[in-house]
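So the structure is just underneath, and the comments pick up after that.
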Amino acid sequence: FLYQKFFNRKVGLIKWCFIDLPGEERHGFRFDLKFVLHRLVDAYVLYSSYSKKALARYKINLLSAFVAVNVSDVETHLCNFKSNFITKVEARKKLSLSNQFSILFIGNLEKQKRFERYLDVAKLCKDHPIQFLVAGGGENFEHYKAMARDLQIENVRFLGHVSDPSLAYYSSDIVYI
């Protein structure tokens, strides 16, 4: 904004942000200030569809908002976990998992992640001793859980939010990204 005004340049301003976080108050000075500042931005890169919905409260054109789905830092989680080393079998017990070969999806179930493809793979593997794990949440969690049930995909286990992601990573054989 300042660059545009002081140097009379024709540049766009892109903001990469959360917009709002769950539980934030949406009134008062902070909300009013955000309302004014958001109007100065030409486009948004957001962390989730939750943020895109929150942007609508600021009466911003959602065509200028793009969700960039981020992923977790797996190496950091595994390093933290290995400092409190337990075996893969023990990690699976803590999550009440069997000792079958497992493929893990971890993160929010955002539309952009095309989670239905994960379910397609699980369905193709229904006759093999493979468990498909889903750790995380998001606005589509219940939708995909119902989809797996409706399609009778019985080798998918929806864990929901896992407080220690390193435990989920360590208990799986493959992480699906």
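The analysis underlying the following values was restricted to heavy atoms, covering all of them including side chains, and did not include hydrogens, waters or symmetry mates.
Here the closest heavy-atom approach between residue Phe158 and residue Ala148 is recorded as CE1-CB, 3.8 Å. Of all the heavy atoms in Gly138 and Asn108, the pair that sits closest is N-OD1, 3.6 Å. Nearest heavy atom pair, residue Ala56 against residue Leu62, reads N-CD2, 4.0 Å. Listed here is the closest heavy atom pair of Ile153 and Val156: CG2-CG2, 3.5 Å. Across Asn155 and Ala122, no two heavy atoms sit closer than the pair ND2-O, 3.0 Å. Asn61 and Ser64 make their closest contact through O-OG, 2.8 Å (heavy atoms, listed as atom of the first residue, atom of the second, distance).
Using cut-offs of 30° and 60° on the angle between ring planes, the pair Tyr118 and Phe132 is perpendicular.
Ring-centre distance between Phe66 and Tyr44: not below the 6.0 Å cut-off.
Two different hydrophobic clusters hold Leu124 and Leu133 under the rule that ILVMFWY side chains link at heavy-atom gaps under 4.5 Å.
Counting only residues at least two apart or on different chains, the salt bridge (Lys or Arg N to Asp or Glu O under 4.0 Å) pairs with a member in residues 128-139 are Lys53-Glu139. For residues 115-131, no pair satisfies salt bridge (Lys or Arg N to Asp or Glu O under 4.0 Å), with sequence neighbours left out.
Between the OH atom of Tyr144 and the NZ atom of Lys113 there is a distance of 11.0 Å, given to the nearest 0.5 Å. Expressed to the nearest 0.5 Å, how far OH of Tyr170 lies from CD of Glu90 amounts to 9.5 Å. Going from atom NZ of Lys93 over to atom CG of Leu167 covers 13.5 Å, rounded to the nearest 0.5 Å. Rounding to the nearest 0.5 Å gives a distance of 13.0 Å between NZ of Lys145 and CG of Asp150.
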task: List the steps, then state whether side-chain contact (heavy atoms from CB on, under 4.5 Å) holds for Leu104 with Tyr176.
output: CA-CA 6 Å; Leu104 171 69; Tyr176 177 89; over 6 Å; no
message: Before you tell me yes or no, could you show the steps for Leu109 and Val134 under side-chain contact (heavy atoms from CB on, under 4.5 Å), namely the whole-Å CA-CA distance, both residues' side-chain angles and the distance that decides it to 0.1 Å?
response: CA-CA 9 Å; Leu109 294 170; Val134 182; 4.3 Å; yes
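Among residues two or more places apart in sequence or in another chain, the side-chain contact (heavy atoms from CB on, under 4.5 Å) test is passed with Val162 by Leu95, Ala135, Leu159, Ala168. Arg157 meets the salt bridge (Lys or Arg N to Asp or Glu O under 4.0 Å) test with no other residue; sequence neighbours excluded. Residues satisfying the side-chain contact (heavy atoms from CB on, under 4.5 Å) criterion with Lys111, sequence neighbours excluded, are Asn140. Residues that satisfy the side-chain contact (heavy atoms from CB on, under 4.5 Å) test with Glu154, not counting sequence neighbours, are absent from this structure.
When only modelled atom types and interatomic distance are considered, Ser102 and Arg92 share a side-chain donor-acceptor pair under 3.5 Å.
Contact annotation: the side chain of Asp173 never approaches that of Ile103 to less than 4.5 Å [non-hydrogen atoms, C-beta and beyond].
Judged by distance alone, the side chain of Gln131 and the main-chain N or O of Ser98 form a donor-acceptor pair under 3.5 Å. Panel note: side chain Ser172, backbone Val175; no donor-acceptor pair is recorded below 3.5 Å.
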